[in-house]
Amino acid sequence: MTRDIRAEETPARIESTGFWLFKSEPGTYSIEDLAREGRTLWDGIRNYQARNFIRDTMRPGDRVLFYHSNADPPAIVGVARIIGSPVPDMTAFDRSNHGYDPKSRSENPTWFAIEIEFQSRLGDPVTLESMRSDPRFRGMLLLAKGQRLSIQPVIESHFRSALEVARHRD
DNA sequence: GCCAACGTTGGC
DNA sequence: GCCAACGTTGGC
């Protein structure tokens, strides 16, 4: 009845399987801001679906495509990674904050934040337009009509394709 | 600046 | 629980 558990030992480094796309308006927080600061707490999220991704799904090491929305042109402009674990979003407790939410209590927070760390800027942004015309990005949530989720799961092939496109252009 | 699409709120 | 009104997102 003994089992050889050595075959199941966890590798020294656990491979991350998570890939995401974070939208940000460059006038509010740009990839340049993240590059300069190195890391930032991604707070202010007030959408339940995005909240669930932060609170329940993200893992340290997950990789993030950083997307400039409401930009000219709208494009993926960099890569980041998730670090740390979800934490209560303190801005929801702050009456003076635009994201103040009286129904979020410190003993049972409604909203959560997570820290991300800068990895790289893309030499060439991967524009929304170029993704629409490239079959490698078919099915990407970002391209779906009417979708406006600011934190989206991304499949690995779409993540890789974004890096390929950015690399091949420079 | 326009406006379609979407999420949330609140009266009933 | 319905749904109209409202606010927001984000491409164009």
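Labels below follow one simple rule: chain letters A, B, ... track the order of the sequence lines, proteins then strands, and each chain is numbered from 1.
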Among P26(A), S24(A), S30(A), P125(A), side chain to side chain contact (heavy atoms under 4.5 Å, CB included) partner for V77(A): P125(A)
Pair T91(A)-R46(A), side-chain hydrogen bond (donor to acceptor under 3.5 Å, both in side chains): steps then yes or no: CA-CA 11 Å; T91(A) 67; R46(A) 296 293 181 272; 2.9 Å; yes
I54(A) with L34(A), same ILVMFWY side-chain cluster at under 4.5 Å: yes
Ring centers of F66(A), W20(A) separated by less than 6.0 Å: no
5' precedence on DNA chain B between G146(A) and N70(A) (nearest-nucleotide basis): N70(A)
Outermost nucleotides of DNA chain B that come under 4.0 Å of a non-hydrogen atom of chain A: dA5(B) to dT9(B)
Among L142(A), L21(A), N47(A), side chain to side chain contact (heavy atoms under 4.5 Å, CB included) partner for L149(A): N47(A)
First of H98(A) and R132(A) reached from the 5' end of DNA chain C, by closest nucleotide: H98(A)
First encountered from the 5' end of DNA chain B, between Y48(A) and K145(A): K145(A)
